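In this text the structure is predicted, and so the values were computed from the model without any measurement.
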Amino acid sequence: MHNAFMLEDVEKTVLRAPFAPAPRGLFTGSPSLSPRPPYFVTNRTGRTTLERLTAFTTAPGVHRLPGIFLSALRG
């Protein structure tokens, strides 16, 4: 999409590779390091994460952030 290396005469590039996310957690063995979004059905802590996020939205505070991040990363 972008020509970050400023190569000349490049009009189109097609990359073919298997779809696989980056290596996931060391503890869970799942295939990607990025946490699952809380709205995914397969996220185990989605409800807890969204409840904490809603509580943070209604009453923001720095003390609530670690709980949100920990819950999201456990998902």
Side-chain angles (χ1 to χ4, degrees):
M1 181 166 158
H2 301 287
N3 190 359
F5 295 115
M6 304 300 274
L7 302 173
E8 294 182 21
D9 300 323
V10 176
E11 293 182 16
K12 181 178 172 181
T13 303
V14 177
L15 175 67
R16 293 183 187 263
F19 177 74
R24 213 182 256 268
L26 298 172
F27 305 114
T28 61
S30 47
S32 174
L33 284 173
S34 57
R36 287 187 193 107
Y39 48 83
F40 273 22
V41 176
T42 55
N43 189 322
R44 293 172 285 146
T45 60
R47 180 180 177 139
T48 305
T49 304
L50 290 176
E51 286 174 353
R52 290 179 181 181
L53 194 58
T54 303
F56 176 77
T57 303
T58 58
V62 177
H63 65 283
R64 293 181 189 256
L65 292 176
I68 294 170
F69 290 137
L70 287 174
S71 179
L73 292 174
R74 276 183 291 184

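By the rule that hydrophobic residues join a cluster once side-chain heavy atoms approach within less than 4.5 Å of another member, Leu73 and Ile68 end up as members of separate clusters.
Listed for the Arg52 side chain is a donor-acceptor partner under 3.5 Å among the backbone atoms of Gly67.
With sequence neighbours left out, Arg64 forms a salt bridge (charged side-chain N to carboxylate O under 4.0 Å, His left out) with no residue at all. Judged as a side-chain contact (heavy atoms from CB on, under 4.5 Å), and not counting sequence neighbours, the contacts of Thr45 are Asn43, Thr49, Ser71, Arg74. Thr42 is linked by a side-chain contact (heavy atoms from CB on, under 4.5 Å) to Arg36, Phe40, counting only residues two or more places apart in sequence or in another chain.
Distance check: Phe56 CZ to Leu50 CG gives 14.0 Å after rounding to the nearest 0.5 Å.
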